[in-house]
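Down below is the structure, laid out as structure tokens.
Side chains included, hydrogens not; waters and symmetry mates left out as well; all remaining heavy atoms used. Only a predicted model underlies this, so the values are computations on that prediction, with no experimental measurement involved.
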Amino acid sequence: MQASTVAHRILDLLAEAGVRRLFGVPGGPLLSLLHALDNRAGIDFVLTKHEEGAVFMAEGHAQSTGELGVACVTAGPGTTHALTAAASASSDWAPVLVLAGQVPTHMFGRGGLQDSSGGNWSIDAVQVFTSAVKMAALISDPGQLPHLLTRALRTAAEAPAGAALLVLPSNVLNAPDQGLPARAPRLAAPNPRFSTTEPLLGIAEALRKARNPVILAGQGAKAGRAQRALVELAERRWARVATTVKGKSVFPETRPLSLGVVGNYGASRAAHEVVTSRETDLLLVVGSSLGEVATSG
């Protein structure tokens, strides 16, 4: 029977958190994780052609299912290739965890192939990712795993969701599992509540009085899984609905009330004219920060 390692425990914790798929590209520092994955059921490995594609696929999985998307990439260029897609996940409020392989800790700063520990003129993967993700950390000792992995899972899932990076040296992955805690949090969708209903009552009253209301739905509406509620609200009040390009799909474009997309890219002229029309006496913005792309500047 194969001895249980930190790599096995990582998969156990991911399974506890409801993870069903890993997207990635194999690489030497990751082999122990992939060997452990090959010998267990319940988590499928989706082979991709490029690390950036792996993280984008994990983001797509997160957006379409509401689950955590997980990608694994190898050290050095495998990690840097993942940077743009990880930044995209944070920008799109998609919960994504990137597991990055790394050379053994005893090789840090000694010129090891694909060393990205920051020593001896090598890049520092954690530092590179810090401005692109919600959390970036190196696990340099097996004892850190339960705390840092649990923290990464929570950080990625908590609103606003985004990406987290954990860097895993190969000697840490290969270390024996010596009774590390077995549980990780099951990731629940955030369920924010107003401390008072007054804001909602004000919106309801404004909708009731409006003669020609229009709803503009953005990425926040999609990330909040508000599709069904948005359709119900629009049809009850007979309000036309436009979306930003990142909010596209949150309201079915086959429905008569759909105006399509507004903004700089993929927009409908008709939608723009309605949203900016003087006849629109109420514009209800749901889940958009009204940035340059959404407002055409």
Side-chain angles (χ1 to χ4, degrees), residues 18 20 58-69 88-96 156-162 186-291 293-296:
R20 298 180 292 123
E59 179 188 356
H61 174 85
Q63 288 198 359
S64 62
T65 65
E67 301 171 356
L68 178 75
S88 173
S90 294
S91 176
D92 290 343
W93 300 344
V96 169
E158 286 173 353
R186 179 144 311 258
L187 303 180
N191 191 21
R193 297 288 187 216
F194 285 105
S195 58
T196 172
T197 59
E198 188 174 343
L200 295 176
L201 293 174
I203 292 170
E205 181 65 11
L207 279 169
R208 187 186 68 81
K209 290 180 177 179
R211 299 184 307 276
N212 192 25
V214 173
I215 298 171
L216 175 60
Q219 168 66 12
K222 186 162 67 173
R225 322 298 287 180
Q227 290 92 330
R228 183 177 299 177
L230 192 61
V231 170
E232 182 179 351
L233 173 63
E235 293 185 344
R236 180 175 295 183
R237 192 57 191 86
W238 205 244
R240 287 174 290 180
V241 180
T243 72
T244 66
V245 66
K246 283 192 173 183
K248 187 175 172 67
S249 81
V250 74
F251 190 84
E253 294 185 0
T254 55
R255 291 182 180 264
L257 291 172
S258 173
L259 294 170
V261 173
V262 295
N264 285 353
Y265 304 107
S268 157
R269 179 182 293 273
H272 180 81
E273 289 176 350
V274 171
V275 168
T276 60
S277 170
R278 291 181 180 275
E279 295 180 3
T280 298
D281 57 345
L282 175 68
L283 180 64
L284 175 62
V285 181
V286 183
S288 174
S289 57
L290 297 178
V293 173
T295 61
S296 297

- Message: Which residues pass the salt bridge (charged side-chain N to carboxylate O under 4.0 Å, His left out) test with Glu279, not counting sequence neighbours?
- Response: none

- Query: Quick one: does Leu233's side chain get under 4.5 Å of Val286's, heavy atoms only?
  - Reply: no

- Going from OG on Ser268 to CD on Glu253, what distance comes out if it is rounded to the nearest 0.5 angstrom? 9.0 Å

- Query: Heavy-atom distance under 4.5 Å between the side chains of Val274 and Thr280, does that happen here?
  - Reply: yes

- Query: Do Ser91 and Lys246 come within less than 4.5 Å of each other through their side chains, counting heavy atoms only?
  - Reply: yes

- Calculate, to the nearest 0.5 Å, the distance between atoms CD and CG belonging to Glu59 and Asp92 respectively. 4.5 Å

- Query: Do you know the tightest heavy-atom contact between Val96 and Leu68?
  - Reply: N-CD1, 3.9 Å

- Please name the pair of heavy atoms, one in Pro95 and one in Ala157, separated by the smallest distance, quoted to 0.1 Å. CB-CA, 4.1 Å

- What heavy-atom pair brings Ala234 and Leu257 nearest, and what distance separates the two atoms? O-CD1, 3.5 Å

- Can you name the residues that form a salt bridge (charged side-chain N to carboxylate O under 4.0 Å, His left out) with Lys222, not counting sequence neighbours? none

- Task: Using the test salt bridge (charged side-chain N to carboxylate O under 4.0 Å, His left out), find all partners of Arg237 that sit at least two apart in sequence or belong to another chain.
- Result: none

- Task: Mind checking the CD-OG spacing from Gln227 to Ser249? Nearest 0.5 Å is all I need.
- Result: 6.5 Å

- Query: Just how far is it from atom OG of Ser296 to atom NE2 of His272, taken to the nearest 0.5 Å?
  - Reply: 5.5 Å

- Query: Nearest 0.5 Å, what's the OG1-CG distance between Thr295 and Asn264?
  - Reply: 7.5 Å

- Salt-bridge criterion met for Lys209 and Glu205 (N-O under 4.0 Å): yes

- Taking all atoms of both residues into account, what is the closest heavy-atom pair of Thr243 and Phe251, and its distance? CG2-CB, 4.4 Å

- Taking side chain as C-beta onward, heavy atoms only, is Val231 less than 4.5 Å from Pro252? yes

- Message: Could you report the tightest heavy-atom contact between Ala94 and Ala62, atom names first, then the distance?
- Response: CB-CB, 4.3 Å

- Item | Closest non-hydrogen atom pair, Asn212 against Arg240 | OD1-NH2, 3.2 Å

- side-chain contact (heavy atoms from CB on, under 4.5 Å) partner of Val214, the single match among Leu282, Val241, Leu259, Leu284: Leu259

- Item | Separation between OG1 of Thr65 and CZ of Arg225, rounded to the nearest 0.5 Å | 6.5 Å

